[in-house]
Participant: 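Supplied in structure tokens, the structure appears directly below.
One-based numbering along the sequence shown. Treat the numbers as computed from the prediction; the structure is a model and nothing was measured. One-based numbering, in listed order, for ligands and for the atoms of each.
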Amino acid sequence: MTKVIMDCDPGIDDAIALTVLLAHPEKADLIGVTTVGGNVRLEKVTANAKKLLTFLDANTELASGQAEPLVKEIETAGEIHGKTGMDGYDFPEESSEYPLASHNAVTFMYNKISNCDEKVNIVATAPLTNIALLLKTFPEVMGNIEHIYIMGGSTLQGNITTAAEFNAYVDPEAMKIVFDSGLPITLSGLNLTEDKAYMKMDEIKHIKDLGKVGVMASSILGFYSSAELAKGMTKIPVHDACAVMSLIAPELFTKSTNYSIDVSLSDDQFRGMTYPDRRIYAEEHNNIKVLEDVDREAFVKYLFDSIASYEK
Ligand code: RIB
Ligand code: CA
């Protein structure tokens, strides 16, 4: 069975991604969820993870992690995810009771991975602060990491700035540590999540007909898409679902290229920019599989079916 740890900053698209992941116990054994400051501050991100795991009747262990990026102060994205970081649906009060196994995601992940009798996959849908600290603090753990599936970066446009995608921008030093680790990575960047694996408004509206979890998902996506539409987006990117689906349904992704990717750490308008080495004679290890296209209709259907499956 594929063992998985998900590191996230719910965050509405993280919530959809986690909902899809938990809908497929036949594909992935989720042995832990860790939180990191990103879309909103750590306290709210962790509270949102508790709400969602309770709502989905999950029993995976939860640990909170780093509140701030490695070097700079955190910049959040409340305008997209709302004041709570997961606006749009009133989760039951008891959600806050979900147990927290640890306040230290790094040692939590280290223990989970090193004690697992098979290699562990990491799905990372947030700034990579926890993952970078794990690799730097316990480099020996890399021997038991199978693959890292990341939503972050871009080979084309930015979103938080013209040059940088949000997760890369918040902690570029962490992303560089993870990219340079040599571990096999599958990357869902904005070039995929915005340009190819987007959802249309009518598809988002359809989700409300997919049972109790569908009502929740469509409610939070309703808030999220209104924020995206206000920005002028007509194609709604559910970014983090790509990272999860690249692990549990890789057949949906129809084109990819392996690159080495560098991350700008400069203190200027390029900070957090991710750029692949496209040189003909690129010498570095091309350890990052950049996803470049998807069967969009199949992607949307998979998301629908995952949400509907909670009704069975
Ligand atoms: O740029 C999109 C990414 O930043 C997503 O992971 C979203 O949840 C935010 O964390
Ligand atoms: Ca995220």
Side-chain angles (χ1 to χ4, degrees), residues 5-21 33-42 44-49 52 64-69 74-82 84-88 105 122-132 148-172 174-175 178 185-199 217 220-221 223-225 227-228 231 233 235-247 263 271-274 290-291 303:
I5 290 175
M6 182 166 173
D7 187 69
C8 55
D9 62 338
I12 290 170
D13 59 327
D14 302 72
I16 300 298
L18 187 50
T19 299
V20 170
L21 182 56
V33 174
T34 52
T35 59
V36 63
N39 282 317
V40 288
R41 301 194 71 85
L42 180 66
K44 288 184 178 178
V45 162
T46 306
N48 290 337
L52 191 68
S64 59
Q66 297 300 116
E68 300 279 342
I74 191 168
E75 288 193 39
T76 56
E79 68 284 358
I80 300 293
H81 301 271
T84 67
M86 206 162 70
D87 277 19
I122 295 174
V123 174
T125 63
L128 292 168
T129 318
N130 289 339
I131 313 298
I148 307 183
Y149 298 83
I150 296 172
M151 190 283 137
S154 175
T155 58
L156 296 169
Q157 72 272 30
N159 56 2
I160 189 77
T161 67
T162 53
E165 177 278 328
F166 179 80
N167 290 334
Y169 178 76
V170 169
D171 201 338
M175 183 166 267
V178 176
I185 291 168
T186 294
L187 187 69
S188 298
L190 297 180
N191 52 289
L192 175 81
T193 66
E194 286 189 346
D195 300 352
K196 303 288 183 182
Y198 56 86
M199 292 191 77
I220 61 175
L221 279 174
F223 179 90
Y224 176 84
S225 48
E228 293 287 333
K231 284 190 331 185
M233 304 282 282
K235 298 172 180 175
I236 309 301
V238 189
H239 305 282
D240 295 335
C242 292
V244 161
M245 288 157 77
S246 67
L247 164 59
V263 190
R271 183 167 176 79
M273 180 176 167
T274 50
V290 172
L291 299 180
L303 195 145

Participant: Hey, which N, O or S atom on Asp9 ends up closest to the Ca ion (ligand 2)?
Facilitator: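 Minimum-distance N/O/S atom of Asp9 relative to the Ca ion (ligand 2) is OD1.
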
Participant: Describe, in one word, how the ring planes of Tyr224 and His81 are oriented to each other, choosing from parallel (under 30°), tilted (30 to 60°) and perpendicular (over 60°).
Facilitator: tilted

Participant: Could you measure the distance from the CE atom of Met273 to the CD atom of Gln157? Nearest 0.5 Å is fine.
Facilitator: 11.5 Å

Participant: I need the Asp7 CG to Leu128 CG distance, nearest 0.5 Å.
Facilitator: 7.5 Å

Participant: Check whether any side-chain heavy atom of Asn39 sits under 4.5 Å from a side-chain heavy atom of Ile80, and report yes or no.
Facilitator: no

Participant: Can you tell me if an N/O/S atom from Asp14 lies under 3.0 Å from the Ca ion (ligand 2)?
Facilitator: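 Given the 3.0 Å cut-off, Asp14 counts as a ligand of the Ca ion (ligand 2).
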
Participant: Looking at Asp240, which of its N, O or S atoms is the nearest one to the Ca ion (ligand 2)?
Facilitator: OD2

Participant: Could you give me the CA-CA distance, side-chain angles and deciding distance for Leu303 and Met199, then say whether side-chain contact (heavy atoms from CB on, under 4.5 Å) is met?
Facilitator: CA-CA 10 Å; Leu303 195 145; Met199 292 191 77; 4.3 Å; yes

Participant: Does the side chain of Asp240 come within less than 4.5 Å of Cys8's, by heavy atoms?
Facilitator: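 With C-beta onward as the side chain, the pair stays apart.
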
Participant: Which protein N or O atoms sit under 3.5 Å from any N or O of ligand 1? Give atom names and distances.
Facilitator:
from, atom 1, to, atom 2, distance (Å)
ligand 1, 1 (O), Asn159, ND2, 2.9
ligand 1, 1 (O), Glu165, OE2, 2.5
ligand 1, 4 (O), Asn167, OD1, 3.3
ligand 1, 6 (O), Thr125, O, 3.0
ligand 1, 6 (O), Asn167, ND2, 3.0
ligand 1, 6 (O), Asp240, OD1, 2.6
ligand 1, 6 (O), Asp240, OD2, 3.1
ligand 1, 8 (O), Asp13, OD1, 2.6
ligand 1, 8 (O), Asp13, OD2, 3.2
ligand 1, 8 (O), Asp14, OD1, 2.9
ligand 1, 8 (O), Asn39, ND2, 3.0
ligand 1, 8 (O), Asp240, OD2, 3.1
ligand 1, 10 (O), Asp9, OD1, 3.3
ligand 1, 10 (O), Asp9, OD2, 3.0
ligand 1, 10 (O), Asn39, OD1, 3.3
ligand 1, 10 (O), Asn39, ND2, 3.4
ligand 1, 10 (O), Asn167, OD1, 2.9

Participant: Would you call Thr186 and Leu291 a side-chain contact if the rule is heavy atoms closer than 4.5 Å?
Facilitator: yes

Participant: At less than 3.0 Å, would any N/O/S atom of Thr125, backbone or side chain, sit next to the Ca ion (ligand 2)?
Facilitator: yes

Participant: In terms of side-chain heavy atoms, does Thr46 have a donor or acceptor partner in Thr35 at a distance below 3.5 Å?
Facilitator: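 Side chains of Thr46 and Thr35: pair found under 3.5 Å.
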
